[in-house]
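Below you'll find the structure, written out as structure tokens, and then a few comments.
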Amino acid sequence: MKEKMIDKGKTIIYITANVIYRILYSFMIFFPIKSNRIFVNVYDGRGIGDHPKYIIQELNKINSNIDVVWYARKENTDLPITFCKPNGIRALYFMATSKVWIATVRMPLYIVKKRRQYYIQTWHGSLPLKHIEKDCATSLSERYVIQAKHDSKMIDVFISNSKFRTNNFKTAFWYSGDVWEIGSPRDSIFFDPRIKEGCKERHGLSDRKIILYAPTFRGKTGTGNLDIDYLTIKRVLEEKTNESWTVIVRLHPKIADITDDLSLPDGVIDMSKVKDPQEVLVMADIVLTDYSGLMFDAMQADIPVLLYANDIDSYNSDRGFYFSFDELPFLLATNNNQLIDNLLKFNIDEYRESATKFSKKVGIIKNSDASKIAAERVNSIILDCK
């Protein structure tokens, strides 16, 4: 009862704050739309990355006249973009005057899309394993559901990487509009081997193999049971391959800040605060996760994936899964001994065969030109309004 009262109070505060911002936003809608302006929202201001980064990179090649505004604090980048601080007045102005919105998360409840604006939703996941949005509505807050429904009414198109994902957008996102089934724009990073070597060199890891541990999001403070035996994993891999290995840990962006409190062994590198997760994933020679959709990005890049999930029953009761673990092409361990055994018996040919069968089953589109296709379509939207 107490939790319900607290949550209700949070909802009241949330609605009140959005009413105030809606009043402020109403003054911005009188400013004209700038036909070449694009407003980008990645994870509510957590920096440059995900699908929009790769779409904008390609778009900049074909149209140097675009005016890209990134909803984030300023950071170093080669992209010709303008930053606007999240939740500031300038952000309201740029949202109201941009021809195109591109977002990986829900846009704020207080905004209202104008008739001539176009909203592209890329979402921040790949193929989902765990239930999301409407399919796990009972585990979502009332305020999030309100925001999600409002957002979906404004969306003009989703970008999808598979038949399964397209259907998921239609059934789980309170959405019935168009979908660009073109592949995954952010996965274009995997098709150029020079990028992998460049990222490894930048982090001083050129001479090492990398296993990436990336557990999923479990709430604002929850990380699951991070009882991975990192040093044994490293030793076993080095004995098996006769090569040097480094373990990298990357937590979900929403809880990246708590890694300061993690006690990691010497030689284990925390890369939770690297803005673009793809730049970490592309370096990996093995990916270790639990329920994160990252597993499917890695699968498409032909990176071996192993699962370590020691809380399946509790997580399943809270969220539920779209696929049983028997359907997945990944070896599953529920304790460290099983994980070490799976590392020792892993067979790359068997993995590739299973991954190919699974990809065909869900209709995954492996397309190196996904970011280019998306950029060309965005450019057409911009040019059409002139």
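Below, each value reflects all heavy atoms present in this structure, side chains not excepted, and no hydrogens, waters or symmetry copies. Model, not experiment: these values are computed from the prediction.
- The environment of K113 atom NZ is dense: over 12 non-hydrogen atoms of other residues, nucleotides or ligands sit within 6.0 angstrom.
- Using modelled atom types and a 3.5 Å distance limit, the side chains of S152 and R106 yield a donor-acceptor pair.
- Residues R37 and W101 have side chains not in contact (no heavy-atom distance under 4.5 Å, counting atoms from C-beta outward).
- The pair E243-R208 does not count as a salt bridge, with every side-chain nitrogen at least 4.0 angstrom from each carboxylate oxygen.
- N379 meets the side chain to side chain donor-acceptor pair (under 3.5 Å) test with N63; sequence neighbours excluded.
- Judged purely by atom type and a 3.5 angstrom limit, E238 uses its side chain to pair as donor or acceptor with the backbone of W245.
- For the pair V305/Y351, a side-chain contact is recorded, criterion being any heavy-atom separation below 4.5 Å from C-beta on.
- A heavy-atom distance below 4.5 Å is not found between the side chains of L237 and K209.
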Does F358 form a side chain to side chain contact (heavy atoms under 4.5 Å, CB included) with L127? I'd like the steps, not just the answer. CA-CA 12 Å; F358 181 81; L127 197 68; 3.8 Å; yes
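- For F323 and F164, the ring centers sit closer than 6.0 Å to each other.
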Throw together a table of side-chain donor-acceptor distances under 3.5 angstrom for residues 339-346, partners on residues two or more places apart or in other chains.
| unit_1 | atom_1 | unit_2 | atom_2 | d |
| --- | --- | --- | --- | --- |
| N342 | ND2 | L332 | O | 3.2 |

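- The shortest non-hydrogen separation linking M295 to L307 is CE-CD2, 3.8 Å.
- In summary, the aromatic rings of H124 and Y43 are positioned with their centroids under 6.0 Å apart.
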Check residues 72-81 and write down every donor-acceptor pair under 3.5 Å in which the side-chain atom is one partner and the other belongs to a residue at least two apart or another chain.
| unit_1 | atom_1 | unit_2 | atom_2 | d |
| --- | --- | --- | --- | --- |
| E75 | OE1 | I48 | N | 3.4 |
| T77 | OG1 | L79 | N | 3.0 |

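- Partners of K357 by side chain to side chain contact (heavy atoms under 4.5 Å, CB included), not counting sequence neighbours, listed by chain and number: E353.
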Stepwise, does the side chain to side chain contact (heavy atoms under 4.5 Å, CB included) test hold for I89 with Y25? CA-CA 9 Å; I89 298 297; Y25 193 77; over 6 Å; no
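- Nearest heavy-atom pair across T104 and T122 is CG2-OG1, 3.5 Å.
- When the ring-ring contact (aromatic ring centres under 6.0 Å, His included) test is applied to Y110, the partners found at least two apart in sequence or on another chain are Y21.
- Listed here is the closest heavy atom pair of D135 and T171: OD1-O, 4.4 Å.
- Across K114 and I29, no two heavy atoms sit closer than the pair NZ-O, 3.0 Å.
- Here T334 pairs with Q338 under the side chain to side chain donor-acceptor pair (under 3.5 Å) rule; sequence neighbours left out.
- Residues satisfying the side chain to side chain donor-acceptor pair (under 3.5 Å) test with E327, not counting sequence neighbours, are S324, K361.
- In this structure, F27 has its ring center at least 6.0 angstrom away from the ring center of F31.
- Every residue two or more places apart in sequence or in another chain that forms a side chain to side chain donor-acceptor pair (under 3.5 Å) with K61 is listed here: E58.
- For D285 and K196, the salt-bridge test passes: some basic side-chain N is under 4.0 Å from an acidic carboxylate O.
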What side-chain donor-acceptor pairs closer than 3.5 Å can you find for residues 175-184, not counting sequence neighbours?
| unit_1 | atom_1 | unit_2 | atom_2 | d |
| --- | --- | --- | --- | --- |
| Y175 | OH | D156 | O | 3.3 |
| Y175 | OH | D178 | N | 3.0 |
| Y175 | OH | D178 | O | 2.6 |
| E181 | OE1 | T166 | OG1 | 2.5 |
| E181 | OE2 | K163 | NZ | 3.1 |
| S184 | OG | D187 | OD2 | 3.4 |

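- F39 has its side chain out of reach of V100: every pair of non-hydrogen atoms, C-beta onward, lies at least 4.5 Å apart.
- Inspection of the K130 and T216 side chains reveals an N or O donor paired with an N or O acceptor under 3.5 Å.
- The main-chain N or O of W174 is never found under 3.5 Å from a side-chain atom of E133 such that the two would form a donor-acceptor pair.
- For the residue pair Y119/Q121, the side-chain donor-acceptor check at 3.5 Å is satisfied.
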Dump the intermediate steps for side-chain hydrogen bond (donor to acceptor under 3.5 Å, both in side chains) on S139 and R319, then the final yes or no. CA-CA 7 Å; S139 66; R319 291 288 293 267; 4.6 Å; no
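- Checking R202, K273, R186 one by one against E279, the salt bridge (charged side-chain N to carboxylate O under 4.0 Å, His left out) holds for a single residue, R202.
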Given side-chain hydrogen bond (donor to acceptor under 3.5 Å, both in side chains), test N335 with Y308 step by step and report yes or no. CA-CA 7 Å; N335 59 58; Y308 176 76; over 6 Å; no
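- Between Y71 and F83, the ring center distance fails the sub-6.0 Å criterion.
- Hydrophobic clustering, with ILVMFWY side chains joined whenever heavy atoms are under 4.5 angstrom apart, groups I312 together with L331.
- Between S126 and D297, the side chains place a donor N or O and an acceptor N or O closer than 3.5 Å (distance only, hydrogens not considered).
- With hydrogens and angles disregarded, a donor-acceptor distance shorter than 3.5 Å links the side chain of R250 to the backbone of V274.
- Residues satisfying the ring-ring contact (aromatic ring centres under 6.0 Å, His included) test with F94, not counting sequence neighbours, are none.
- F321 and Y291 have their aromatic ring centers within a separation under 6.0 angstrom.
- Considering every non-hydrogen atom in both I364 and Q300, the closest pair reads CG2-OE1, 3.4 Å.
- Listed for the S64 side chain is no donor-acceptor partner under 3.5 Å among the backbone atoms of N60.
- Judged by distance alone, the side chain of D50 and the main-chain N or O of P52 form no donor-acceptor pair under 3.5 Å.
- Not one N or O on the side chain of S98 forms a donor-acceptor pair closer than 3.5 Å with the backbone of M95.
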Side chain to side chain contact (heavy atoms under 4.5 Å, CB included) evaluation trace for T289 with Y213: CA-CA 6 Å; T289 186; Y213 176 47; 5.8 Å; no
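- In the displayed structure, K170 atom NZ is contacted under 6.0 Å by more than 12 heavy atoms of other residues, nucleotides or ligands.
- For D302, the side chain to side chain contact (heavy atoms under 4.5 Å, CB included) test picks out R352, with sequence neighbours left out.
- In this structure, Y54 has no ring-ring contact (aromatic ring centres under 6.0 Å, His included) partners at least two apart in sequence or on a different chain.
- One finds the NZ atom of K372 at 13.0 Å from the CG atom of L59 (value rounded to the nearest 0.5 Å).
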Starting from the C-alpha separation in whole Å, work towards a yes-or-no answer on side chain to side chain contact (heavy atoms under 4.5 Å, CB included) for I146 and I15. CA-CA 10 Å; I146 292 170; I15 296 297; 4.3 Å; yes
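- F173 is connected to V145 through a chain of hydrophobic side-chain contacts under 4.5 Å among Ile, Leu, Val, Met, Phe, Trp and Tyr, so both are in one cluster.
- What you find for M299 and A355 is that their closest heavy atoms are CG-CB, 3.7 Å.
- Between K10 and I13, every side-chain heavy-atom pair lies at or beyond the 4.5 Å cut-off.
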